[in-house]
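No experiment lies behind these values; they were computed from the predicted model shown.
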Amino acid sequence: MTSEALSARGVTKRFGPVTVLDGVDLSLKRGEVHGLLGENGSGKSTLIKILCGFHAPDSGELEVDGHPEPFPLSAARVSELGLRFVHQDLGFVPSLTVAENFHLGQLALGRAPWLVSERAMGTATRSALDRYHVDLDPKMKLGRLSGLQKALLAVVRAVHDLPHCGGILVLDEPTVFLPHSDVTDLFNLVRRIASDGGAVVLVSHDLGEIQEVTDRVSVLRDGRLVGSRPTEGASQDDMIEMIVGRRIASGPDRASSRPSPATDRALVVDGLTAATIRPVTFELRKGEILGIAGLEGSGAEAIPYLLYGVRPAGSGRLHVGEHAFDLPRLSPAAALRAGMVLIPADRRRLAGLLRMSVEENLTFPRLARFRAGPLLRRAAIRRDAVSLIDRFDIRPRRAEQSFGTLSGGNQQKAVMAKWLAVEPQVLLLHEPTQGVDVGARRQIHAYLHQAASTGQAVLCASSDFEQLAGLCDRVLVFRQGRLAEQLSGPQLSKEAITEACLVERDMREVA
């Protein structure tokens, strides 16, 4: 099925003197998954908000299934046209059941066709989930679902009331909080929706995902459409060049990008146990980037938090330089004093103060350096913040801007700038490039290489195995709560990490 589901032409949007979209065209065909790419700030979000009726364009034309539709679109008209949107914030209430969340919109508007009958809601929910082969218990509380199950529920909720061969589904970074091992299941659902005659738009910074699931891609840069092309035959380098406007060389080779890690140990973990971890012992050397890999539930994702005292350990000892700790009694304050910092995956909730300025976020851990008696040297704070903004290419370059208004990639760069300015001995990271664009991803990798080249030790837990293979000196693979394998040198590749996560083998030397 190749009929055109949607055609937007000449869409322009200005905010004051700034042109955010400049004559953008976008066409979607039924039966296809269409990737929408671009750096943060390229105009993707504004275009989506115009299509969902949140913004009115200054000019532009729209056709849906060949019929003209005047801008701006009302929320009611968006629904009538079969346009559905799934955002990063899935819009669920954790205390409610699957069925209650599934029909949340109808309940809120008083439009449920039942007298709030739990049985009727459960039956309707089960029928919709069965249509797309999603196995969830309608009576289960949403808080008990995994990230994948929530994402599947959100997608089915969005499309369940559409006609069998219709609907346009827009997915805005649906995998940003999902382990890579879960992405395939979500994409299988996306393909089923497209094969039913729907048109799907996928917004993603992960080019591997784009290659895996999309049929065509359109790229925005600086508010303009750079071009559209079939995904087949387009390499990641081709797409990167379209996104950033120039050919970017691949990341530096691990062996040649910096000196080999020192033999001095920056961190030693001895006999660590936790709820999901069997006794684990390993070390991290000065100047080394050590990867931690594993499937969801393997325990790998907990390692940075256990080593920083954020999650409770059952037993074990930790040595950081001259400091020694019993892991069950370790606190984040003690870890920070010992020269460790943690950058968690959820930067908005756990790593930044959203309502405070970029300047305040960047300097908060080092305020003692700017004290003059009981007062703070405000001019010195501003100079320090501006220096970090320039050094780490945080955009826009406005120290007074609220941290919460920055794009995901610039938030992550600001978080890294804040903690690297502390000059830690050990940097612990979880999913450091989750949800950031390709340009920011390369910059973040460069910051980590630079930190390691100065002798800092880096531990990076990630479900992005390609990232770990390109970034790390060694990768420790966890399986079922235990340290199962170590990969380094010629052994270290995305394929080898994946195989080690899935296949039981004899334990290799891991110290």
Task: salt bridge (charged side-chain N to carboxylate O under 4.0 Å, His left out) partners of R355, counting only residues at least two apart - done: none
- [ ] Could you list the residues that satisfy salt bridge (charged side-chain N to carboxylate O under 4.0 Å, His left out) with R119, not counting sequence neighbours?
- [x] none
TODO: Classify the side-chain pair H55/T46 by whether it contains a donor and acceptor separated by less than 3.5 Å.
DONE: no
TODO: Drop me the distance from L284's CG to L267's CG, to the nearest 0.5 angstrom.
DONE: 5.5 Å
Task: Main-chain N/O of G198 paired with R30 side-chain donor or acceptor, under 3.5 Å - done: no
Task: Inter-residue atom distance L142.CG - L145.CG, 0.5 Å rounding - done: 4.5 Å
- [ ] Could you grab the distance from atom CD of Q467 to atom CD of Q434, nearest 0.5 Å is fine?
- [x] 10.0 Å
Open item on the list: When you compare the side chain of V18 with that of V20, does any pair of heavy atoms fall below 4.5 Å?
Closed with: yes
- [ ] Indicate yes or no: at least one non-hydrogen side-chain atom of Y132 is less than 4.5 angstrom from one of L152.
- [x] no
Task: Pairwise distance CG(L37) to OG(S204) - rounded to 0.5 angstrom - done: 7.5 Å
- [ ] Say whether, by atom type as modelled, one donor and one acceptor occur between the side chain of T97 and the main chain of E100 under 3.5 angstrom.
- [x] yes
Open item on the list: Quick check with a 6.0 Å cut-off and a 45 degree axis cone: is R157 positioned over the face of F102's six-membered ring?
Closed with: no
TODO: Determine yes or no for a side-chain-to-main-chain donor-acceptor pair under 3.5 angstrom, with K13 supplying the side chain and A56 the backbone.
DONE: yes
Task: salt bridge (charged side-chain N to carboxylate O under 4.0 Å, His left out) partners of E301, counting only residues at least two apart - done: none
Open item on the list: Pairing donors with acceptors under 3.5 angstrom, does anything connect the side chains of S27 and S7?
Closed with: no
Open item on the list: With a sphere of 6.0 Å drawn around CZ of F54, does it hold more than 12 non-hydrogen atoms of other residues, nucleotides or ligands?
Closed with: no
Output side-chain donor-acceptor pairs under 3.5 Å for residues 333-344, partner residues at least two apart or in another chain, one line each.
none

Task: D270 (side chain) donor-acceptor with R317 (main chain) under 3.5 angstrom - done: no
TODO: Could you check if a side-chain atom of L354 sits within less than 4.5 angstrom of a side-chain atom of R348, using non-hydrogen atoms only?
DONE: yes
Open item on the list: Has T214 got a side-chain atom pairing as donor or acceptor with Q211's backbone, closer than 3.5 angstrom?
Closed with: no
TODO: Can you measure from CG (L427) to CG (L448) and round to the nearest 0.5 angstrom?
DONE: 6.5 Å
- [ ] Apply side chain to side chain contact (heavy atoms under 4.5 Å, CB included) to the pair C460 and L468, showing each step before the final yes or no.
- [x] CA-CA 8 Å; C460 176; L468 292 180; 4.1 Å; yes
Open item on the list: Per the salt bridge (Lys or Arg N to Asp or Glu O under 4.0 Å) rule, what does the pair list look like for residues 136-152, sequence neighbours excluded?
Closed with: none
Task: N/O donor-acceptor pair under 3.5 Å between Y447 side chain and F392 backbone - done: yes
Task: Summary of salt bridge (Lys or Arg N to Asp or Glu O under 4.0 Å) pairs that have at least one residue in residues 210-220, sequence neighbours excluded - done: E32-R216
TODO: Kindly compute the distance separating CD1 (I168) from CZ (R84), expressed to the nearest 0.5 Å.
DONE: 10.0 Å
Open item on the list: Tell me if a side-chain donor or acceptor on S127 pairs with a main-chain N or O of A124 at a distance below 3.5 Å.
Closed with: no
Open item on the list: For E431 and S463, which I'm curious about, is there any donor-acceptor pair between the side chains at under 3.5 Å?
Closed with: yes
